[in-house]
Amino acid sequence: MDRRTFLTSAAAAMSASALSASASAAATKRRTLILVELAGGNDGLNTVIPFDDPAYQAARPRIAIDRNQAHHLDQRLGLHPELEPLMAGWKARDTAVISGVGYDRPNRSHFRSIDIWETASDSTQVLEDGWIARAMKNHKRDARSVADAVVLGGKSSRVVAGEGIKAVSMTNPDRFVRQARGIRTSRQQSKNPALAHILSVQSQIDRAAYRLGEIAARTRAVQGEFKGRLGQQLRVAARLILAEARIPVIQVSLGGFDTHINQVGRHRNLMRQLGQNLASFRGALKQGGAWDRTVVMTYSEFGRRVRQNGSGGTDHGTAAPLFVMGGQVRGGLYGAQPSLTNLDAGDMRFAVDYRRVYASAAQEWLELPAARAVLGRHRPLDLIRG
Amino acid sequence: MRPLLVALIPIGIASLSFQSTATALSVSEARHLLARTGFGNASWQEIQRLRPLSRQQAVNALLQGVKRKATVAPPAWTQSAPVFRPPRGADREERRTFYRARRQEALTLVDWWVREMAATRSPMTERMTLFWHNHFTTSFRKVRAPHLLYRQNVTLRRYALDNFRVLTHAMAQDAAMVVYLDNFRNRRGKPNENFARELLELFTLGEGRYSERDIKEAARSFTGWAIDRDTGAFRFYRRRHDGGMKTFMGRRGRFNGDQIIEIVLKRPQVATYITRKAWRAFVSEMPNAREIKVIATRFRQSGYDIKTLMRGLLLSRAFWAEANRGRLFKSPIDLIVGTVRQFGVAPPNGRMLFRLTRSLGQVPFMPPNVKGWPGGKRWITANTLLMRRQVLQALLRRPATNRDRERKMGKMMTPGRGDRMMKGRMVALDLDRWVRAGPPARRDAKRVKQFLLAVAPVRAPDSSADPARFVRALLLDPAYQLK
């Protein structure tokens, strides 16, 4: 079957289901959520630094950040020196810093903890599908959207894995479109779940490539300094948003945060990549008039221990801060910096359940109808203006 | 092959009482067994060789054929003394040169193993070695000493179809593992829990079957288990060892690492955990609790004999069920190795091989993290599905445009990091020649479909088409991604 025929019938199928689906801001207001995964467990304590707390220096004689080096957010908290590029957003009040994000009975295993964050589960629950996939159930798709979600950087992501969501992974849209030529989709159903999965992925590729092809003319080169792996991904994300690809969720990822050994240099490097690229991203979108319809949220599977270890690094911990930024974000400090002395088995106690941040993203921002069912009793933090 | 068959027949008859029948294998069954125990492929000749055998005889034949050593000679540097760090006082440039040289070595290691997988007469040996590599994971990304990775690979192959208990002990003293999981930093008074945690969580019991305290006590027991700075050999440093009393899983004693492993292996959950993992890799994504329990019990009672485990899996009802054919995804290595084996060509090598495996998501010696490659559905995303098509199409292009194709292929993948090693060759599957030169089955549309695919193609090509085009269409069909 040729592409055109397929899409005509697909469009027909979609408008039929649209009657029962509910509108979301993703579709009506063309909003995008960018998830920035910091893989490995970011050391939150050296990211948003309680420089005024004597316990901080005492616990980390070799790796603490000097108070004069940190960029002060207020009298007690400051950012890692390499996050200086984020201060513009802080001063413009479109950047929120949420301290003490975590959950009850924290798990310190990478894999378990990633599972938890990716599926928005409780500590002891094991859920299969990603939280975005579940939150997007029954949402009304924009007819011209490239996909419900795009994962960049060549990785696969559980966050957008699940039934009914059309998620596509790619490194580069142009290459994607080129490579997708020649995929002939089939309407066949298959009882073989493995084959069915392949057919499903094929049809998503086909649709995404067609849409990307359509917007190719509108895609301009993005200005700004984007460096390294994260930079490449954010540049692509910026291009997609500016070209109005209408993709509600885009996920990018930066790895290397598991700093058990000799943390200072490595973490500095990571903070530099994060700060510079996020600032460039913000700049590019502001210039293109798209910052007001974009929200960025960082996350990591856990923070790290308060006390440094014997190898110049830190071991797996619990609560940590994260960043939410965007043209319509109500900037400022949220949550609460956990005490460094009243600890839970050597780790900071969480102040804000991570699902409240998710709720702000999925309910307040994207207005996904199924989000509340996924996030339950966790109320949004009131991060979005208006 | 003849003497082996003759020798097997008495074994087959003696074990007729076992559940499988003594009837000979069908083409479909022989293909299925070969593909699942190898790299997702089976040649017509291999199928014909297994056909006279019953299921049990065939499984035994494969197990008998397993090797303990690789057949392809390893890279020359593996035979010379390792150097683990740049020379004293090396400046930045010298350090960079040193690590670049190690990286080249690592790439030749990947080359070598893929060549072994492609050339071996016992694909099951390499398939199992890869399985254990994905279980007792280590990665060049952290263990920047290719000698250690090579030595671990040799050990994994030695015990791949031998004994899990012996293998676990060997891994606890494996230098690459000691480095990968930081155990060389684990010393009395300054414990490092990384190895102890993964030993329990990933290598033996699985999450939730021990307490955080157990991890801490196990870590103490492994203190002093490190490596010699110069030779890279495992070394026990008594001075660093915490010989104090420990309470581990309800037992009390001045345990050392060996004893911790022995205590863990007494738990029945170990056999279940390993059996389940192997079930997912060889039988099905859907666990069958009852069958797994039976196999796990036998595995445990055999003292963790891996052949017993594999026999149990490969003779299970679920393994042979028709509904189970073609329900597993070929891994990137299956796709590359299986395809070159099928068509009798040399595998890609050098930088080309590295880029191919990386773009598909599986570079040997470089798993993404200690949990290994998740496998299953995760192999197939929009990105990797497109890449798989690209790889197959590149393999299928005519040899005349080889250089052209290599350039295109190189461009298609994410740029490498300026490796100075050989660019690498992309092979050509000359389908015309393959179809003409081999047994008649290759020119018979029905037969080709039977041995090339695990399930019917999604778009059945016209069987009256030119045989080479017919085969090409099958290779590009989604069904070819399954085993």
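In this text the structure is predicted, and so the values were computed from the model without any measurement. To find a chain, count down the sequence lines: A is the first, B the second, and so on, and within it residues start at 1.
Within 6.0 Å of CZ on B:R209 lie more than 12 heavy atoms contributed by other residues, nucleotides or ligands. Atom CZ of A:R266 has more than 12 neighbouring heavy atoms from other residues, nucleotides or ligands inside a 6.0 Å radius. Open room surrounds NZ on B:K377; 12 or fewer heavy atoms of other groups in view lie less than 6.0 Å from it. Surrounding CD of A:Q189 are at most 12 heavy atoms belonging to other residues, nucleotides or ligands under 6.0 Å away. Crowding of B:R469 atom CZ: a count of heavy atoms from other residues, nucleotides or ligands under 6.0 Å not exceeding 12.
Looking at B:R185, the atoms closer than 4.5 Å to chain A (heavy atoms on both sides) all sit in the side chain, from C-beta outward. For B:L482, the part lying under 4.5 angstrom from a heavy atom of chain A is the side chain only. At a 4.5 Å heavy-atom cutoff, B:R141 makes no contact with chain A through either its backbone or its side chain. There is no contact between B:L476 and chain A, counting heavy-atom distances below 4.5 Å. Within the 4.5 angstrom heavy-atom criterion, only side-chain atoms of A:N107, from C-beta onward, approach chain B. Of the two parts of B:N324, neither the backbone nor the side chain holds a non-hydrogen atom closer than 4.5 Å to a non-hydrogen atom of chain A.
Test A:R178, A:Q179, A:R175 against B:Q390 for side chain to side chain contact (heavy atoms under 4.5 Å, CB included) and you get one pass: A:Q179.
Atom CZ in A:R112 sits 9.0 Å away from atom NZ in B:K371 (nearest 0.5 Å). Within the model, atoms CZ of B:R389 and CD1 of A:I205 stand 9.0 Å from one another, a figure rounded to the nearest 0.5 Å. Here A:H316 contributes atom NE2 and B:R197 contributes atom CZ; the two are 7.0 Å apart, rounded to the nearest 0.5 Å.
Counting heavy-atom pairs closer than 4.5 Å to chain A, the top residue among B:Q481, B:E207, B:R378, B:K190 is B:E207. Across B:V455, B:N192, B:N369, B:L202, the residue that shares the most heavy-atom pairs under 4.5 angstrom with chain A is B:N369. Residue with the most contacts toward chain A among B:L386, B:D182, B:N194: B:L386 (heavy-atom pairs, distance under 4.5 Å). Options B:L385, B:T384, B:N383, B:I380 differ in how many heavy-atom pairs under 4.5 Å they form with chain A, and the most are formed by B:N383. Among the candidates A:H197, A:Q202, A:M170, the residue making the largest number of heavy-atom pairs closer than 4.5 Å to chain B is A:H197. The greatest number of non-hydrogen atom pairs below 4.5 Å with chain B, out of A:N309, A:N192, A:V168, A:V151, is found for A:N192.
Heavy atoms only, all atoms of each residue included: B:G326 and A:A194 are closest at O-CB, 4.2 Å. Heavy-atom minimum distance, B:P478 versus A:L195: CB-CD1, 4.0 Å.
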Test log, rule side-chain contact (heavy atoms from CB on, under 4.5 Å), inputs A:I198 and B:V458:
CA-CA 11 Å; A:I198 296 181; B:V458 170; over 6 Å; no
